[in-house]
Amino acid sequence: MTLSIPSPEVDEDDFREILAQTRAFVRNVVVPREQEIAETDAVPEDIRQAAKDMGLFGYAIPQQWGGLGLNLQQDAELAMELGYTTLSLRSMFGTNNGIAGQVLVNFGTDEQKEQWLEGIASGDVVASFALTEPGAGSNPSGLRTKAVRDGDDWVITGEKRFITNAPLANLFVVFARTRPADENGTGIAVFLVPADTPGVRVGNKDAKMGQEGAWTADVHFDDVRVPNSALVGGSEDVGYKAAMVSLARGRVHIAALSVGQAQRALDESVTYAATATQGGNPIGNFQLVQAMIADQQTGVMAGRALVRDAAKAWVEETDRRIAPSVAKLYCTEMVGKVADLAVQIHGGTGYMREVPVERIYRDVRLLRLYEGTSEIQRLIIGGGLVKQEQKKNS
């Protein structure tokens with residue numbers, strides 16, 4: 001199946017068709033093969049190709065560069081559908097549309113966009129967001145990777161950790177410090193580094209608790225030389241802002257993904273409760289089981305409403321800092337609780353491999369960690385509200 005590229009502004013009719021086709025793809029093609037993906041720790045090539053053909057590698061890339069051009073409100077609705085299945089599906093093209101691709105969309109030069117965005121949108125180029133380091137995760141101000149100017153080139157040295165899609169990447173969007181922070185800026189730049197550049201070394205694929213099929217690895221940059229044209233935006237001080245904007249936008253997306261996973265866990269719970277029996281009675285007839293399902297449903301509905309509010313605020317540019325963190329904090333914590341209740345409703349069966357809720361329980365634990373931990377979101381929310389009030393009184 002192929003998604004047609006709508007007009008420059010994706011109208012409601014076009015988007016409904018995109019959403020319907022994505023929903024059908026997720027539920028009819030990917031869901032039946034979740035166990036295969038888990039056992040092989042890989043997304044099958046035919047599913048990858050189908051995602052490329054549908055335009056999913058570039059749904060959030062502007063249409064002038066070959067993408068579908070969805071805004072964040074539409075992105076969030078799509079993410080809630082993509083979240084209904086194994087998270088490895090969304091991870092396959094998540095960095096292209098999200099934290100890596102958005103750096104180029106929002107901060108790249110015309111030449112950089114021309115060189116890379118069409119390949120990213122088509123899926124011919126897999127872009128990885130290389131920010132996290134052993135000593136710098138949710139807060140990029142602690143970066144130790146360095147970029148030193150050498151004539152017309154830059155030489156990058158450092159190590160990145162837990163980099164999504166690193167084993168498959170064609171392009172690394174690399175954050176590095178060019179100087180200590182000073183009154184002129186943070187001194188954090190971002191560079192476009194092709195994966196085949198001499199000195200780039202990708203480590204072994206990480207063995208993780210969950211999310212089989214979503215590959216991460218360490219990436220080492222050993223005196224990697226790139227031309228000045230690789231400096232995103234042509235400025236040494238673009239990096240910090242690029243990271244913050246991309247991460248904030250990504251938080252709304254991750255919140256939406258969490259809602260999708262929570263909906264799946266809820267659906268699995270209701271189906272099991274309606275059919276599994278204890279003492280000859282469906283367990284869903286027991287009031288304590290109904291109470292757990294009620295808590296799941298409440299979390300899902302609250303999360304969906306919150307995601308939609310946060311995405312609307314982003315598109316309307318009324319809140320691009322606190323609302324994304326609120327949505328990410330609530331929804332990622334919520335899906336953990338919903339998944340835990342799903343295992344409880346399933347009883348011993350829920351602890352068995354090959355049962356969807358067991359996989360979901362493991363997979364969603366990571367959502368509270370990447371794109372900024374829950375603790376970082378609390379600091380952004382609380383600190384941001386206090387600063388807003390202080391500005392009123394200054």
Side-chain angles (χ1 to χ4, degrees), residues 57-58 60-62 64-67 94-122 124-133 136 139-160 163-166 169-182 184-200 219-221 223-250 253 320 371:
F57 277 82
I61 303 298
Q64 70 184 99
W65 306 112
T95 50
N96 275 29
N97 289 287
I99 49 180
Q102 293 301 315
V103 169
L104 266 170
V105 169
N106 293 311
F107 298 95
T109 64
D110 290 341
E111 293 77 14
Q112 289 166 342
K113 293 177 183 179
E114 183 74 36
Q115 181 179 3
W116 291 108
L117 279 180
E118 287 190 7
I120 288 172
S122 69
D124 292 337
V125 172
V126 174
S128 274
F129 185 81
L131 173 65
T132 300
E133 298 181 1
N139 185 358
S141 63
L143 284 183
R144 293 187 178 182
T145 295
K146 293 182 179 180
V148 178
R149 190 68 182 260
D150 184 17
D152 293 331
D153 297 336
W154 291 90
V155 179
I156 303 172
T157 304
E159 177 186 356
K160 301 294 182 177
I163 305 305
T164 299
N165 288 328
N170 307 103
L171 176 69
F172 290 105
V173 179
V174 183
F175 292 80
R177 185 173 292 284
T178 61
R179 67 173 194 282
D182 56 29
N184 297 318
T186 61
I188 296 174
V190 55
F191 297 88
L192 303 175
V193 182
D196 59 1
T197 306
V200 176
V219 185
H220 305 268
F221 298 90
D223 294 329
V224 174
R225 183 175 294 272
V226 295
N228 192 52
S229 60
L231 179 64
V232 172
S235 168
E236 290 185 41
D237 290 303
V238 160
Y240 187 80
K241 184 177 181 181
M244 292 296 95
V245 170
S246 294
L247 287 169
R249 186 187 187 283
H253 176 87
R320 290 191 165 188
E371 314 281 43

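No hydrogens, no waters, no symmetry mates; every other heavy atom, side chains included, goes into these values.
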**Q** Can you name the residues that form a salt bridge (Lys or Arg N to Asp or Glu O under 4.0 Å) with Asp182, not counting sequence neighbours?
**A** Arg179

**Q** Looking at side-chain heavy atoms only, is the closest gap between Val245 and Arg320 below 4.5 Å?
**A** no

**Q** Counting distance only, does the side-chain N/O of Ser128 pair as donor-acceptor with the main-chain N or O of Thr164 below 3.5 Å?
**A** yes

**Q** Which residues pass the salt bridge (Lys or Arg N to Asp or Glu O under 4.0 Å) test with Asp150, sequence neighbours left out?
**A** Arg225

**Q** Kindly compute the distance separating CG (Asn96) from CH2 (Trp116), expressed to the nearest 0.5 Å.
**A**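 Here the interatomic distance stands at 11.5 Å.
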
**Q** Are there more than 12 heavy atoms of other residues, nucleotides or ligands under 6.0 Å from atom CZ of Arg144?
**A**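 Result for CZ/Arg144: open.
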
**Q** Hey, is CD on Glu114 packed in by over 12 heavy atoms from elsewhere, all under 6.0 Å?
**A**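 For Glu114, atom CD is not crowded (no more than 12 foreign heavy atoms under 6.0 Å).
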
**Q** For Asp223, check salt bridge (Lys or Arg N to Asp or Glu O under 4.0 Å) against everything at least two apart and list the hits.
**A** none

**Q** To the nearest 0.5 Å, what is the distance between CZ on Phe191 and CG on Leu171?
**A**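 CG of Leu171 is found 13.5 Å from CZ of Phe191.
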
**Q** Rounded at 0.5 Å granularity, tell me how far OG1 in Thr145 sits from CD1 in Ile156.
**A** 8.5 Å

**Q** Walk me through it: do Trp154 and Val148 pass the test side chain to side chain contact (heavy atoms under 4.5 Å, CB included)?
**A** CA-CA 5 Å; Trp154 291 90; Val148 178; 5.7 Å; no

**Q** For residues Val224 and Val155, determine if any side-chain heavy atom of one lies less than 4.5 Å from a side-chain heavy atom of the other.
**A** no

**Q** Under a 3.5 Å distance rule, please check whether Lys146 uses its side chain to pair with a backbone N or O of Arg177 as donor and acceptor.
**A** no

**Q** Tell me every residue that passes salt bridge (Lys or Arg N to Asp or Glu O under 4.0 Å) with Glu118, counting only those two or more places apart in sequence or in another chain.
**A**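 With sequence neighbours excluded, Glu118 shows a salt bridge (Lys or Arg N to Asp or Glu O under 4.0 Å) to no residue whatsoever.
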
**Q** Please say whether more than 12 non-hydrogen atoms of neighbouring residues, nucleotides or ligands are located less than 6.0 Å from NZ in Lys113.
**A**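 Counting neighbours around NZ of Lys113, more than 12 heavy atoms of other residues, nucleotides or ligands fall under 6.0 Å, so yes.
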
**Q** Tabulate below the donor-acceptor pairs under 3.5 Å that side-chain atoms of residues 98-110 make, not counting sequence neighbours, or state none.
**A**
residue	atom	partner	partner atom	Å
Gln102	NE2	Ala60	O	3.4
Gln102	NE2	Asn97	O	2.9
Asn106	ND2	Gln102	O	3.1
Thr109	OG1	Gln112	N	3.1
Thr109	OG1	Gln112	OE1	3.3

**Q** Tell me, please, which residues at least two apart from Glu236 pass side-chain hydrogen bond (donor to acceptor under 3.5 Å, both in side chains).
**A** Thr178

